[in-house]
Number of protein chains: 2
Amino acid sequence: MLKFKVTILGSGSAVPTRDRNPTAQLINLHNTYILADCAEGTQLCLRENSIRLQKVDYILISHLHGDHFYGLPGLISTLHLLGRSKPITIFGPPGLEKAVMGMVEISRSNLRYPLRFVETQTEHKELIIEHSTFEIYSFPLLHKVPTTGFLFEEKPKKRLYRPEIGEDFGIPHYWIDRIKQGQDYIDEEGNRILNRLLTKDPEPPKSYAFCTDTAYYPKIATFIQDVDVIYHEASFLVEDKKRALETRHSTSQDAAQIAMLCNARKLVIGHFSARYNNLQPFLEEAKPFFNNVVLAYDGMVINV
Amino acid sequence: MLKFKVTILGSGSAVPTRDRNPTAQLINLHNTYILADCAEGTQLCLRENSIRLQKVDYILISHLHGDHFYGLPGLISTLHLLGRSKPITIFGPPGLEKAVMGMVEISRSNLRYPLRFVETQTEHKELIIEHSTFEIYSFPLLHKVPTTGFLFEEKPKKRLYRPEIGEDFGIPHYWIDRIKQGQDYIDEEGNRILNRLLTKDPEPPKSYAFCTDTAYYPKIATFIQDVDVIYHEASFLVEDKKRALETRHSTSQDAAQIAMLCNARKLVIGHFSARYNNLQPFLEEAKPFFNNVVLAYDGMVINV
């Protein structure tokens, strides 16, 4: 079965602590490796999670606050020093390339591999990567600076062919792939055998949404309706709602309401402010709105 | 007694490993805190060594390779988020300010504290910081890009007054400070009592030199003659001398020869290439040239 696995590399907010690195996640989507955000220290977090740096194919940057992209110059340089030749593509807000390459180019390293930047926008949801078996979209979030979330979505899988029934109808081999793609079978005499008789439903396509940083923004639900797993920031508890509003961050209650509106299956919350020692109240405040909620931690693996 | 203490935060070279971070050191010089180099992750290394980030007064950057300065944007931002108001001054090669501030300013944080950059040069040795009890110099090293070392030097200490002898001569109280500064005592009748009778030698001033990255460069000895402790990079073993020459790095034998030429008391070697698992040969190759040599490790504390 194709893998769809998220490894949380950093679940903290801007101020790094001994327990929580700032934001980064690695998504293994059918063996394509996508890094979502890249805070300072991300290259070390990858190592600590025994993930080879060279596996990374794409890097997606949500916004230009330091705790979401300051690890890029170091990662780019290390990939070079380790002899990478495979290209890498980085998606992020306008200005990212200039800031990051200002750091990389002053080190006078001529990169050995092709590095390409693609700008994201915050006007509407947009397809940014399409592979044969999955799609990745950016979509607007609501923060102090232009910020996008990212949606990782499997394409509908092929239908499961039932060979025992196919044999009964004498279906020739060269028809099978068309049937898996959903076509009815029409024999030489023009008789139609409905596809739903010949196939079983495949596993439904899975999806994962990465939503950080953002204020409470119900419009998110229109971009990622029915998502399987949503990672949503929850920087604050309700007692600090004022601070959340000022800084355009969310409470765990906000995150739970978004998960509910999205009709999500599971909610993972993270990006906790360093001011809290005990995170249990984050769950308690979220559960009345959305019960299937867990706290992110560094090294957590989510099988979507 | 005034402290003069060096904490090695990172003793590795460009590619970070699980055991060794890239270059950074914190020097506590009479309770002024100076960070020498600031690789990615330095802010976390400070925490891991239980050093409050806000203690840092000065940051000195040797050169513009990523493994010596990529931690600056993150550290600068975190100091801001933690509410710093005390100024900070960063010394480093031309171009440092533009690259680093390109990262900081795009995050749209208006720093709450004064941040000042001062450019270093590689023409000659230069006094860059002078306090009442110590001085700090930059001096040229020999690397692929403009690089300086830094010399931390206590000023000569006051002479130790011998009150029992002073009493015999009936020396008035207001003379004592002058005598500590080395003056002879002259009484009201014009009789001179030699200072060396009235005082004992103080502890000699101590010094520490930070030399990384550099090829073998004997001229270093003219900049830091008689230094107490020298930290010198030793990226390679003799078997990789060719690679050392190409990349303008040193072998541990080179480092030992420099320590010998400097007439140093102690040599600390670091910046080991990640290719070596066993570092014992670094000591074996150095000792024939300079016996008092130790391997740096992350978290090492050197009392100068």
Side-chain angles (χ1 to χ4, degrees), chain A residues 12-22 38-48 50 53 63-83 92-109 143-146 247 273-274, chain B residues 12-22 38-48 50 53 63-83 92-109 143-146 247 273-274:
Chain A
S13 58
V15 175
T17 65
R18 287 193 194 199
D19 300 329
R20 290 181 191 270
N21 289 295
C38 183
E40 182 178 358
T42 294
Q43 57 171 319
L44 267 180
C45 297
L46 285 164
R47 272 168 202 260
E48 274 158 20
S50 302
L53 301 188
H63 67 299
L64 299 185
H65 281 156
D67 57 320
H68 294 257
F69 80 104
Y70 277 0
L72 275 180
L75 179 60
I76 289 168
S77 301
T78 299
L79 292 174
H80 163 77
L81 290 171
L82 294 176
L96 176 65
E97 177 172 9
K98 191 175 165 215
V100 169
M101 293 314 286
M103 291 280 276
V104 173
E105 278 163 4
I106 205 165
S107 295
R108 301 198 194 164
S109 32
H143 196 41
K144 285 201 144 183
V145 296
T247 56
S273 162
Chain B
S13 57
V15 175
T17 65
R18 286 192 194 198
D19 300 329
R20 292 182 191 269
N21 289 294
C38 182
E40 182 178 358
T42 294
Q43 56 172 318
L44 267 180
C45 296
L46 284 165
R47 271 167 203 261
E48 275 159 18
S50 302
L53 301 189
H63 67 296
L64 299 184
H65 281 157
D67 57 320
H68 294 258
F69 80 103
Y70 278 1
L72 276 179
L75 179 60
I76 289 168
S77 301
T78 299
L79 292 174
H80 162 78
L81 291 170
L82 294 175
L96 177 66
E97 177 172 8
K98 191 175 168 218
V100 170
M101 293 314 286
M103 292 279 276
V104 173
E105 279 163 4
I106 206 166
S107 295
R108 300 198 194 166
S109 31
H143 196 42
K144 284 201 145 184
V145 297
T247 57
S273 161

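Every chain is numbered from 1, with letters handed out A, B, ... down the list of sequences. Values reported hereafter were calculated over all heavy atoms of this structure, with side chains retained and with hydrogens, waters and symmetry mates removed. Just so you know, these numbers come straight off a predicted model, no measurement behind them.
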Under 4.5 Å from any heavy atom of chain A - which part of [X]:
X      : result
B/I106 : both
B/S13  : neither
B/L64  : both

#### Entry: chain B contacts, top residue of A/H65, A/E48, A/M103 (heavy-atom pairs, under 4.5 Å)
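The residue among A/H65, A/E48, A/M103 with the greatest pair count is A/M103.
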#### Entry: Selection from A/N21, A/L82, A/D67, A/V104 maximising heavy-atom pairs under 4.5 Å formed with chain B
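Heavy-atom pair counts peak at A/V104.
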If you take all heavy atoms of [X] and [Y], which pair is closest and at what distance?
X      : Y     : answer
B/G102 : A/A99 : O-CB, 3.6 Å
A/A14  : B/T78 : O-OG1, 4.5 Å
A/R47  : B/V15 : NH2-CG1, 3.4 Å

### Query
Rounded to the nearest 0.5 Å, how far does CD of B/E40 lie from OG1 of A/T42?
7.0 Å
### Message
Applying side-chain hydrogen bond (donor to acceptor under 3.5 Å, both in side chains), can you list everything that pairs with A/S107, at least two apart in sequence or on another chain?
### Response
B/Y70
### Message
Tell me which of these, B/P73, B/G74, B/G41, has more heavy-atom pairs under 4.5 Å with chain A than the rest.
### Response
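The residue among B/P73, B/G74, B/G41 with the greatest pair count is B/P73.
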